[in-house]
Amino acid sequence: ALKWLLWRLPLLSVVGGIVYIGYGIYEDRNPEPQVEPDPSKKTLVVLGTGWGSVSLLKNLDTENYNVIVISPRNYFLFTPLLPSCTTGTIEHRSIMEPVRTILRSRKGAVKYYEAEASSIDPERKVVRVFDNSEVKGAVTETEVPYDMLVIGVGAENATFGIPGVREHTCFLKEIGDAQLIRKKIMDCVETAAFKDQSPEEIDRLLHMVVVGGGPTGVEFAGELQDFFEEDIKKLIPDISDRFRVTLIEALPNVLPSFSKQLIEYTESTFKEEKIDIKTKTMVKRVTDRTVEADITRPDGQKERIVLPYGLLVWATGNAVRPVVKDLMGRIPAQKDSRRGLAVNEYLVVQGTRDIWAVGDCAVAGYAPTAQVASQEGNFLARLFNNMAKTETLEENIRELSGSLNLKPGNAAEISRKIEDYERQLRRIKDIKPFHYSHQGSLAYIGSEKAVADVSWFNGNFATGGSLTYLFWRSAYLSMCFSTRNRLLVINDWLKSKLFGRDVSRE
Ligand code: FAD
Ligand code: NAI
């Protein structure tokens, strides 16, 4: 019987897997009726539908509060695979999950407003919101009152006030950015291939410059080089030898947050891929066709260089969003905070009551990553679930204590119940402060290679290469939001491997 089972084990696990996925899909398509909002419960307003907020919503018992979600983006975006959308390795909708689907799967109904928060008044406990979408109704601006508020609005792109950046460069943060880059790459290629184009103009148009050697810039540069090597070169061979990618970084090396060995591995891989890395080079000005930067020479002298470009992608990190800046200005305890809302170890915004912050807009002493944001969101969900349970238990204890004198015959039983509730209460109230557990950092560097700094038995394990690339793919696939996302991403990977990336310019 054991032999029979061993033989059929792989088949059984495949069938089991299919049944499991199928049931998950069926459940998503046929959700249970939801518990409707109860006006006697507290109103919890959540700003944003990114990593922090969605992780909170995924783990929150929504029937304990009247939950209202406000975000200009009615979907969750799986940012780790966003660089792959710029070249069509992955189609953008494969890494988007509609917020309506996420909220419909919750037990308690949640309200969603597609709007942007413009200001928060902590005195009156209201959020001012406006509709910034293309279709406008009669009401475009209003106020939403809250009892509890979670701010998870992320960050915007840092430009450091450098002239020309906003006007002439592409960012890489949102789906629209990736779509614009994809379109512009092909526009540059087709314009370079235009009849009688001069050699200088071909060189300019096919020069793709990336500013910022953090993970965003490095991953994008790698994806871009892959696109040219694997697709453009084959389809338009006559211009392919003119294509160049330059990565500009102000610091002495790229990927400053990775270990030294991986920095060296990335830089040598880029050399092989013919990506030109210019370190110790600070961009000072951007025009519609050139980027100007100061290079620090080994003798410490600065030299100004001017590089003509066709596409310029700006990836120099995060800046604070206006709504967050405005709130910081209203709270005296935030006056020394520069990079976002300073929070305590329970993620409460310093100097406020009933306001919490998660993710890139919060300063909790960790890097602004998806990993941190989702753990913070998860922590808040546990905290709020506990707070709701605490209130119910306290209410029960109050009621039982009141009935103690009225029913002296049942005093022993009532006292036992009270003790039991008090024990539960002590256990729940003993919630530890937020603690971030770092699982490691991963980055794709092109040519089917990736680098990984993984936490391993309290130590660190650094690895790079093709096997790490397989690890990178499986890790990100498992982290995708839903089964739907996972299937779509697998399909995109297969499609671009089999047929090449789609080079049509939308
Ligand atoms: P976000 O995910 O940015 O979400 C913010 C939300 O707030 C959005 O829904 C937005 O629409 C909404 N919002 C904005 N303004 C307002 C407003 N005024 N009112 C209401 N809502 C508002 N991290 C990793 O750990 N691993 C990776 O591999 C990785 N790859 C990345 C790749 C790229 C290209 C980028 C750009 C980032 C990457 N990151 C990665 C970083 C990670 O995406 C961020 O740290 C993470 O998104 C932060 O989560 P968040 O919830 O704070 O903000
Ligand atoms: P970043 O802040 O990590 O890197 C920006 C880089 O731009 C810095 O190295 C900085 O020195 C450089 N820079 C700034 N101004 C410059 C100028 N004028 N000229 C030249 N260089 C300049 O930003 P990034 O890459 O957008 O990442 C943001 C956050 O998201 C980080 O916390 C990062 O860890 C995370 N992230 C993680 C990824 C991963 O784990 N695979 C992928 C992408 C982002």
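First listed ligand is number 1; within each ligand, the first listed atom is number 1.
- The P368 neighbourhood of ligand 2 comprises atoms 29 (C), 30 (O), 31 (C), 32 (O), 35 (C), with distances under 4.0 Å to a heavy atom of that residue.
- Ligand 1 places these atoms under 4.0 Å from at least one heavy atom of V323: 18 (N).
- Counting only heavy atoms of the protein, atom 19 (N) of ligand 1 lies nearest to A117 N, 2.9 Å.
- Of the protein's heavy atoms, G154 CA, 3.3 Å lies nearest to atom 53 (O) of ligand 1.
- No heavy atom of V218 sits closer than 4.0 Å to any atom of ligand 2.
- The minimum heavy-atom distance between S257 and D453, with the atom names listed, is O-OD2, 4.4 Å.
- The shortest N or O to N or O distance between E219 and ligand 1 is not under 3.5 Å.
- Considering both main-chain and side-chain atoms, Y476 comes within under 3.5 Å of ligand 1 through a nitrogen or oxygen pair.
- Remark: ligand 2 atoms within the under-4.0 Å shell around heavy atoms of M282 are 17 (C), 18 (N), 19 (N).
- Ranking protein heavy atoms by distance to atom 32 (C) of ligand 1, first place goes to T79 O, 3.3 Å.
- Residue contact check for ligand 2: Y444 places no non-hydrogen atom closer than 4.0 Å to it.
- Looking at atom 44 (C) of ligand 1, its nearest protein heavy atom turns out to be D360 OD2, 3.4 Å.
- For the residue pair F78 and M479, the shortest heavy atom distance occurs at CE1-O, 3.4 Å.
- The part of T281 lying near ligand 2 is the backbone, judged by heavy-atom distances below 4.0 Å.
- Ligand 1 has no nitrogen or oxygen under 3.5 angstrom from a nitrogen or oxygen of Y75.
- For ligand 1, one of its N or O atoms has an N or O atom of A370 under 3.5 Å away.
- Among protein heavy atoms, atom 47 (O) of ligand 1 sits closest to W51 CD1, 3.1 Å.
- Shortest non-hydrogen contact noted between E292 and T287 is OE2-CG2, 4.4 Å.
- Nearest protein heavy-atom contact of atom 1 (P) of ligand 1 is G50 CA, 3.8 Å.
- Residue T49 touches ligand 1 through backbone and side chain together, judged by heavy-atom distances below 4.0 Å.
- Residue contacts with ligand 2 include Y476, since one of its heavy atoms falls under 4.0 Å from the ligand.
- Side-chain atoms of E267 and L255, non-hydrogen and from C-beta on, never get closer than 4.5 Å to each other.
- Note on ligand 2: S257 sits outside its first shell, no heavy atom being nearer than 4.0 Å.
- Near G152, meaning under 4.0 Å from one of its heavy atoms, ligand 1 places the atoms 5 (C), 6 (C), 7 (O).
- Side-chain N or O atoms of Y112 include one that pairs as donor or acceptor with a backbone N or O of S71 at under 3.5 Å.
- Contacts between E219 and ligand 2 below 4.0 angstrom, taking non-hydrogen atoms only, involve the side chain exclusively.
- At under 3.5 Å, a nitrogen or oxygen of P368, whether backbone or side chain, sits near a nitrogen or oxygen of ligand 1.
- Among all non-hydrogen protein atoms, the one lying nearest atom 30 (N) of ligand 1 is P80 CA, 3.5 Å.
- Which parts of ligand 1 touch G359 is read off a 4.0 Å heavy-atom cut-off, strictly below it: atoms 52 (O).
- Using a 4.0 Å cut-off between heavy atoms, I70 contacts ligand 1 through its backbone alone, with no side-chain atom that close.
- Of the listed options C361, A315, P72, S71, P72 places a heavy atom closest to atom 22 (C) of ligand 1.
- Under 4.0 angstrom from ligand 1, the non-hydrogen atoms of R321 all belong to its side chain.
- Side-chain contact of Q439 with S437: a donor-acceptor pair under 3.5 Å is present, judged by distance alone.
- Protein heavy atom nearest atom 51 (O) of ligand 1, with residue, atom name and distance: G52 N, 2.8 Å.
- For ligand 2 and L442, the ligand atoms under 4.0 Å from any heavy atom of the residue are 39 (C), 40 (O), 41 (N).
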